[in-house]
Amino acid sequence: MRFTITGKNIEVTPGLRSAVEDKLGNLDKFFAPATEATVRLSVQKDMQKIEVTIPVKGHIIRAEESSSDMYVSIDLVEEILERQLKKYKNKIIDKKQSAPSFSQAFLQEESDLDEDIEIVKTKRFAVKPMDPEEACIQMELLGHNFYVFLNADTEEVNVVYKRKGGTYGLIEPEF
């Protein structure tokens with residue numbers, strides 16, 4: 001596995017780089033050697049945050065963790081990624097497409113966490129054309145943390161969502 005490590009408001013020292021590569025290197029057993037992982041370290045106030053993104057064909061495996069110590073955050077994010085991979089192994093690995101991104105040992109390993117995803121409720125609603133700012137206002141009025149709407153400018157279905165820190169995000173699909 002290859003790592004691209006960047007820092008925001010923090011210098012990526014050789015010690016931090018080594019800690020990330022050692023700890024996340026434990027995930028090598030799951031991935032093929034050519035798999036690229038993007039690691040972003042950041043500091044805001046007293047919080048040390050690590051974000052790890054691993055793109056595999058057709059899927060993105062992502063985890064983030066914050067704590068008062070960067071080394072603790074690194075340990076926690078590694079545990080989260082390993083748990084995600086084991087839990088969703090059968091769902092994220094399409095034998096034909098994603099398999100080259102994963103190691104053969106991981107593909108052949110028996111999964112002990114075989115949970116099915118069960119959809120228990122379906123909602124239908126009319127989507128009204130609006131701009132993203134109006135969608136954010138509507139989301140706040142409803143008290144939700146995301147809102148699906150028809151973007152009046154692009155005439156595509158978009159999603160606005162509330163991010164940590166009180167900011168908003170916009171998801172625009174690509175076809």
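Residue numbers run from 1 in the order of the sequence given.
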Checklist line | Residue pair Glu82 / Lys29, side-chain heavy-atom distance below 4.5 Å | finding: yes
Checklist line | Nearest non-hydrogen partners of Phe149 and Pro132, listed with the distance | finding: CZ-CA, 3.8 Å
Item checked: Residues forming a salt bridge (Lys or Arg N to Asp or Glu O under 4.0 Å) with Asp131, sequence neighbours excluded -> none
Item checked: With Val159 via side chain to side chain contact (heavy atoms under 4.5 Å, CB included) - residues at least two apart -> Phe146, Val148, Ile171
Check: Applying side-chain hydrogen bond (donor to acceptor under 3.5 Å, both in side chains), which residue pairs with at least one partner in residues 134-143 are found, sequence neighbours left out?
Finding: Lys128-Glu134, Glu140-Lys162, Glu140-Tyr168
Note to self: Measuring only between side-chain heavy atoms, which start at C-beta, is Ile61 closer than 4.5 Å to Thr53?
What the structure shows: no
Note to self: If the condition is side chain to side chain contact (heavy atoms under 4.5 Å, CB included), which residues does Leu16 pass it with, not counting sequence neighbours?
What the structure shows: Ile10, Thr13, Leu41, Met70, Tyr71, Ile74
Next item on the list: List in chain and number order the residues that pass side chain to side chain donor-acceptor pair (under 3.5 Å) with Ser66, two or more places apart in sequence or in another chain; answer none if no residue qualifies.
Entry: none
Margin query: For residues 45-54, which residue pairs pass the salt bridge (charged side-chain N to carboxylate O under 4.0 Å, His left out) check, not counting sequence neighbours?
Written below: Arg40-Glu51, Lys49-Glu51, Lys49-Glu64, Glu51-Arg62
Notebook entry, point to check: Are side-chain heavy atoms of Asn9 and Ser42 found at a separation under 4.5 Å?
Noted result: no
Checklist line | Residue pairs passing the salt bridge (charged side-chain N to carboxylate O under 4.0 Å, His left out) test where at least one lies in residues 1-18, sequence neighbours excluded | finding: Arg2-Glu36
Check: In the hydrophobic clustering (ILVMFWY, side-chain contacts below 4.5 Å, transitive), which residues join Met47, or is it alone?
Finding: none
Check: Residues in side chain to side chain donor-acceptor pair (under 3.5 Å) with Ser67, at least two apart?
Finding: Ser73
Next item on the list: Taking side chain to side chain contact (heavy atoms under 4.5 Å, CB included) as the test, write out the residues that go with Asn26, two or more places apart.
Entry: Lys23, Glu78
Notebook entry, point to check: So how far is it from Phe30 CZ to Leu81 CG, rounded to the nearest 0.5 Å?
Noted result: 9.5 Å
Next item on the list: Examine Leu76 and Val20 and state if one hydrophobic cluster contains both, with Ile, Leu, Val, Met, Phe, Trp and Tyr joined whenever side-chain heavy atoms are less than 4.5 Å apart.
Entry: no
Check: Is Ile80 reachable from Leu24 through a run of hydrophobic residues whose side-chain heavy atoms are each under 4.5 Å from the next?
Finding: no
Check: Does any pair with a residue in residues 144-156 pass side-chain hydrogen bond (donor to acceptor under 3.5 Å, both in side chains), and if so which ones, sequence neighbours excluded?
Finding: Asn151-Asn158
Margin query: Does any part of the side chain of Lys123, heavy atoms only, come nearer than 4.5 Å to the side chain of Lys121, both counted from C-beta?
Written below: yes
Next item on the list: Given side chain to side chain contact (heavy atoms under 4.5 Å, CB included), test Met1 with Ile54 step by step and report yes or no.
Entry: CA-CA 10 Å; Met1 210 160 121; Ile54 306 169; 4.0 Å; yes
Notebook entry, point to check: With side chains defined as the heavy atoms from C-beta onward, is the minimum distance between Val12 and Thr6 less than 4.5 Å?
Noted result: no
Check: What residues join Ile137 in its hydrophobic cluster, counting side-chain heavy atom gaps under 4.5 Å, either direct or through other members?
Finding: Leu141
